[in-house]
Amino acid sequence: MRNREVAELLYEAADILEYQQVEWKPRAYRRAAQMIENLGEDIENIYAREGKAGLIKIPGVGKSIADHIAEYLETGKVEKFEKLKGKAPSGAAELMEIRGLGAKKMKKLADTLGIRTLSDLKNAIAAHRLRRLEGFGEKTEENLAKAIEQYEKSHSRIALGKALPIADEIIFTLKARCKDTTSKVDLSKIIYTGSLRRLKETIGDIDILAEAEKGEALKVMNCFVSLPDVDQVILKGSTKSSVILKEGTAIDLRVVPPESYGAALQYFTGSKEHNIELRNIAIKKGYKLSEYGLYIKESGKQIAGSSEEEIYKALGLAYIPPELRENRGEIKAAAKNALPKLIEQSDLRGDLHVHTNYSEGKDSLKTMIERAEALGYEYIAITDHSRSQKIARGLEIEKLKAQWKEIDKLSKCFRIKILKGSEVDILKDGTLDFPDEILKELDIVLGSIHSGFALPEKEMTERIVTALENRYLDILAHPSGRLLGKREPYAVNYERVFEAAAANGKLIEINSQPSRLDLNDELILRAKTFGIKFCISTDSHSAADLTFMRYGVGQARRGWLEKEDVVNTYPYTRLKEVLKKLKE
DNA sequence: GCCGTTTTCGGCCCGACTGTTTTCAGTCG
């Protein structure tokens, strides 16, 4: 899958063109890059099958970009882009990340002061050389210094699992403060928007929206910027404020009047690409769409704005859930009333990947079962590590059998059904870490890779395919092996893995651990086209982890999954049938 | 550079905030 690679190439070219103040081309390149990123099909396959004609069919890709992509796929580079590279400062990509520094200012800095890297910029600021430039000033210099500091502190995105609790906490506190300050604000309308509401795996900053009449807006803003966790106030106006929390997270708050609340919620939820498409539809219908509402262009009369639903309706679209708003085809589907009916967390009847203190879990078997039953689940699978996982205290066969005995005993005390399982290592040659006579006694077998991450793509693919052909394996767990922000996914040919999973009827896990979220949304979408079924599991290492399910469900929804696609929405008897059939 | 049931040429999302400006450019989302 080289889509990401091709998209990066185009994004990079767009940045340089933007730096050169070339008009419109950067936008065209970025649009093409974005479509390629979200294609759901390997661009190499398209090119191999249909040549340039196939590439031109991709929205945003015309003859010229198709030529560039073809050249890149065949030779590994694009002559024209190679020449472009020399035209911008070497540190341009990094400098563009600094808040307040765009293409124009960067060019000015390069042309007048010869600034080409972040360290050049830092030196120039320290020597107060910026404030003398035309269009710059003392304040700009100070702000850039602060922005650099902020960039160096946390320029990476925040994991969903970290951002969501922070947002919940801030909103809780903000509501309490607002309640003490004014009675005229509807507290239930204070919610998070942005990529967080879309449940994206990582978040740049947290966006919060509130509703208030004009006279009350500033009161909400004052509550917000004076929250105890706020470190810096970046900007403060009557509709928009930005702050940075002491632990480094950036938070924006927007306040809008009731007649615009839905439009603002829609707008700030994004994604940007989804919104641009929506606005284009509005224009074609003779409307104008902004964060304040949907208006008739001629008369300026508002025809929708207080709720998201009425905006989509007025544009001739079915309501699109936030998780789908990535311009991956959801707008076309909404126009045809063909959106998926997305899975809900309440559809889940059990958790199929849970550790106990038999291996690396913190809590006892009994505690995990108790908590799962308290969550209302119908079943839970106990899946401690297999014997090769020495670090995680993987179970020897004797210990596994002892666990079975305890499960049999506990089964009599609980309503919830307990499946005897194991998270079995897929060894380097693709065999599983327990012999067949043990595997066939288990109710459920997860296969996963915990060693030999650096295998070349071909061998890693063979290893996983071999495991998928093992009749005793049920589920491929955390299939890409990535740890968000820490470890890249291992090299593997997903087309082949998905083919093998589909051919053998194997299930693919969506691991809900905030540090994993594995498979990711794009690969879920891709896997679904192979007809594969999934399970959403927490990979819990303590009873508290059982609540991680919300993150996995979010990724499943982003991958367009419906209830029927996910086997742990099935009643116990149906789940057992699925698992039994796999071993026949 | 791309695109088109109002266009094959002339458009390309829209508005807020800030700073350096006396009316606007740059940046951001």
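Chain naming here is simple, since letters A, B, ... match the order of the sequence lines and numbering starts at 1 in each.
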Distance, rounded to the nearest Å, where A:Gln34 contributes CD and B:dC12 contributes P: 19 Å

Members of residues 282-298 of chain A that approach DNA chain B, where some heavy atom sits under 4.0 Å away: A:Ile283, A:Lys288, A:Leu289, A:Ser290, A:Glu291, A:Tyr292

Compute whether any side-chain donor of one residue and acceptor of the other, for A:Tyr312 and A:Gln266, lie under 3.5 angstrom apart. yes

When the distance from CG of A:Leu17 to C1' of B:dG1 is rounded to whole Å, what number comes out? 10 Å

Can you check the distance between B:dG11 and B:dA16, where both ends of the measurement are the C1' atom (answer in whole Å)? 25 Å

Pick the C1' atom in B:dT7 and in B:dC12, then give their distance to the nearest Å. 13 Å

Distance in angstrom units between A:Glu134 CD and B:dG19 P, rounded: 18 Å

Figure out the CD1/C1' separation between A:Ile234 and B:dG29, and round it to whole Å. 15 Å

Quick test of your reading of the model: are A:Lys85 and A:Glu82 salt-bridged, counting only N-O distances below 4.0 Å? yes

Assign B:dT7 to syn or anti; the rule is syn for a glycosidic angle within 90° of 0 and anti otherwise. syn

Side-chain ion pair, A:Glu216 and A:Lys219, N-O less than 4.0 Å: yes

Look at A:Ser242 and B:dC17 and indicate whether a side-chain polar atom (N or O) is within less than 4.0 Å of OP1 or OP2. no

Under-4.0 Å side-chain N/O to phosphate OP1/OP2 contact, A:Thr140 with B:dT20: yes

Can you tell me the distance, in whole Å, between the CD1 atom of A:Ile56 and the P atom of B:dC2? 8 Å

Side-chain ion pair, A:Arg328 and A:Glu273, N-O less than 4.0 Å: no

Taking B:dG29 as the reference, what is the distance to B:dT23 when you measure between their P atoms (whole Å, please)? 29 Å

Quick one: side-chain hydrogen bond (donor to acceptor under 3.5 Å, both in side chains) pairs with a partner in residues 103-113 of chain A, sequence neighbours left out? A:Lys107-A:Asp111

Give A:Asn280 one of three labels, base, sugar-phosphate or nothing, depending on what nucleic acid heavy atoms sit under 4.0 Å from its own. sugar-phosphate

Closest-nucleotide mapping onto DNA chain B: is A:Arg279 or A:Phe136 further toward the 5' terminus? I mean the 5' end. A:Arg279

Rounded C1' spacing from B:dT20 to B:dT27 in Å: 14 Å

Looking at A:Asp180 and A:Lys175, is there a salt bridge between them, counting it only when a charged N and a carboxylate O are closer than 4.0 Å? no

From B:dC2, B:dC17, B:dC14, pick the nucleotide closest to the side chain of A:Ser64? B:dC2

Looking across every strand, which nucleic acid part, if any, lies under 4.0 Å from A:Pro26 by heavy atom: base, sugar-phosphate, or nothing? nothing

Any-strand Watson-Crick or G-U partner of B:dT8, both distances under 3.5 Å: none

At under 4.0 Å, does any side-chain N or O of A:Asn143 touch on OP1 or OP2 of B:dG19? yes

Rounding to the closest angstrom, what is the interatomic distance between B:dT6 and B:dG1 at atom P? 28 Å

Is the shortest side-chain N to carboxylate O distance from A:Lys528 to A:Asp565 below 4.0 Å? yes

Can you tell whether the side chains of A:Glu308 and A:Arg325 come within less than 4.0 Å, N to carboxylate O? yes

Rounding to the closest angstrom, what is the interatomic distance between B:dT22 and B:dG26 at atom P? 14 Å

Would you mind classifying the nucleic acid contact of A:Glu138 as base, sugar-phosphate or nothing, using non-hydrogen atoms under 4.0 angstrom? sugar-phosphate

A:Lys146 and A:Asp231 ion-paired at < 4.0 Å: no

How is A:Ser195 classified with respect to the nucleic acid when contacts are heavy atoms under 4.0 Å: base, sugar-phosphate, or nothing? nothing

Salt-bridge criterion met for A:Lys184 and A:Glu213 (N-O under 4.0 Å): no

Check ion pair A:Arg254-A:Asp252 (N to O, under 4.0 angstrom): yes

Categorize A:Ile98 for me: base, sugar-phosphate, or nothing, with a 4.0 angstrom heavy-atom threshold over every strand shown. sugar-phosphate

Whole-Å distance, A:Glu142 CD to B:dT18 P, equals 15 Å

Between A:Leu235 and A:Ala28, name the one whose nearest nucleotide on DNA chain B is closer to the 5' end. A:Ala28

A:Ile208 CD1 to B:dG29 P, straight-line distance once rounded to whole Å: 16 Å

May I ask you to list the residues of residues 99-117 of chain A, by number, that have any heavy atom positioned under 4.0 Å from an atom of DNA chain B? A:Arg99, A:Gly100, A:Leu101, A:Gly102, A:Ala103, A:Lys104, A:Lys105

Grab the CG-P distance between A:Leu10 and B:dG1 for me, whole Å please. 12 Å

